[in-house]
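Lettering follows sequence order; numbering is per chain, from 1. Please read all numbers here as calculations on a predicted model, not as lab measurements.
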Protein chains: 2
Amino acid sequence: MKLTIDALSALAQETRLAIFRALVRAHSPDEGRGGLAAGEIAERLGVAPATLSFHLKELAHAGLVVSRREGRSIIYKADLGRMSAVMGFLLEDCCNGACGTVAACAPQEECVS
Amino acid sequence: MKLTIDALSALAQETRLAIFRALVRAHSPDEGRGGLAAGEIAERLGVAPATLSFHLKELAHAGLVVSRREGRSIIYKADLGRMSAVMGFLLEDCCNGACGTVAACAPQEECVS
DNA sequence: TCTATATTTCTATAATTATCAAAATATGAA
DNA sequence: TTCATATTTTGATAATTATAGAAATATAGA
């Protein structure tokens, strides 16, 4: 439940939810591909570099994003497996089964929560 | 998106998530039935009345719970239709379709978001 | 090496959120 | 009415979170 709260806290903030949504749209299931550079995110959302870095750290701490370095840039990428686990908890424990069903996350490589 | 953030903020707190989960377990689809009295929740979770009231107000403000008076007690009840709407947004916008599918909320009376 | 670029960490400050005692409000029963 | 019960509001305080300038770190290229 602590993990769920960390994830919800991370997403319960306008800038961070916007970051995460941008990363989801830029996602690729392939290792080492997809995601966005920190600077690209900062520019798109119009937030100061230090502020963006603060929020990216929050998202990373919650396990919702991972990063890799590419030259001078650091590329952030959504961890959909983690998001899937959070959704699973919410649907099962907080929706009483009445709100929907998770088609158990297909065993794609990025979906091993 | 503001609505989603309000809901996530409401659930991203240990006491409130515990309250909501208790209310989901005590849910009934019937109008005027199900839910828990504020005092009952306070006792179960061991939180001071004023603190509980603060958190219930947050959940109500986010639209995740509704209340009705019964005698001296005020009964709080989870609004699963609202929760369903939040889940729908997350699955569609934040999971890239890769994390699960919503079986579109069946048109039960409590599920008209 | 030196320089420019990309990002993070440090630091201070502002803003928001959580807690709970005490007082206020609403209801039902005697 | 008056009293006891259930809950909320007020108000004060503590704790957490958000913002961003300035300095520090890491990389690539000249």
What is the separation between atom [atom1] on [X] and atom [atom2] on [N], rounded to the nearest whole Å?
X      : N       : atom1 : atom2 : answer
H55(A) : dA18(D) : NE2   : P     : 6 Å
K57(A) : dC10(C) : NZ    : P     : 7 Å
R44(B) : dA6(D)  : CZ    : C1'   : 17 Å
E14(A) : dT17(D) : CD    : P     : 18 Å
E70(A) : dA6(C)  : CD    : C1'   : 13 Å
F54(B) : dT13(D) : CZ    : C1'   : 14 Å
L52(A) : dA20(D) : CG    : P     : 11 Å
R69(A) : dA26(D) : CZ    : C1'   : 5 Å

Item to complete: Classify the nucleic acid contact of S73(B) as base, sugar-phosphate or nothing, counting any heavy atom under 4.0 Å across all strands shown.
Response: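 S73(B): backbone/sugar contact only, no base atoms under 4.0 Å.
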
Worksheet item: When all nucleic acid strands are considered with a 4.0 Å heavy-atom cut-off, which category describes A42(B): base, sugar-phosphate, or nothing?
Response: nothing

Worksheet item: Would you say a side-chain N or O of R16(B) is under 4.0 Å from OP1 or OP2 of dA18(C)?
Response: yes

Practice prompt. Could you point out which residue of E40(B), R69(B), R68(B), R33(B) forms a side chain to side chain contact (heavy atoms under 4.5 Å, CB included) with I75(B)?
Written response: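 Output: one option passes, namely R68(B).
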
Any chance you could measure [X], atom [atom1], to [Y], atom [atom2], to the nearest 0.5 Å?
X      : Y      : atom1 : atom2 : answer
L36(B) : S67(B) : CG    : OG    : 13.0 Å
E58(A) : D6(A)  : CD    : CG    : 9.0 Å
Q13(B) : L8(A)  : CD    : CG    : 11.5 Å

From C-beta outward on [X], which listed nucleotide comes closest to its side chain: [options]?
X      : options                  : result
T51(A) : dA20(D), dT8(D), dT9(C)  : dA20(D)
A50(B) : dT8(C), dA28(D), dT9(D)  : dT9(D)
I74(B) : dT8(C), dA18(D), dT8(D)  : dT8(D)
Y76(B) : dT19(C), dT8(D), dT5(D)  : dT8(D)
A48(A) : dA20(D), dT7(D), dA29(C) : dA20(D)

Worksheet entry | Contact nearer the 5' end of DNA chain D, comparing R72(A) with T15(A) | T15(A)

Discussion item. Is there a path of hydrophobic side-chain contacts, each under 4.5 Å between heavy atoms, that joins L45(A) and L59(A)?
Written reply: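 Looking at the clustering, L59(A) is in the same group as L45(A).
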
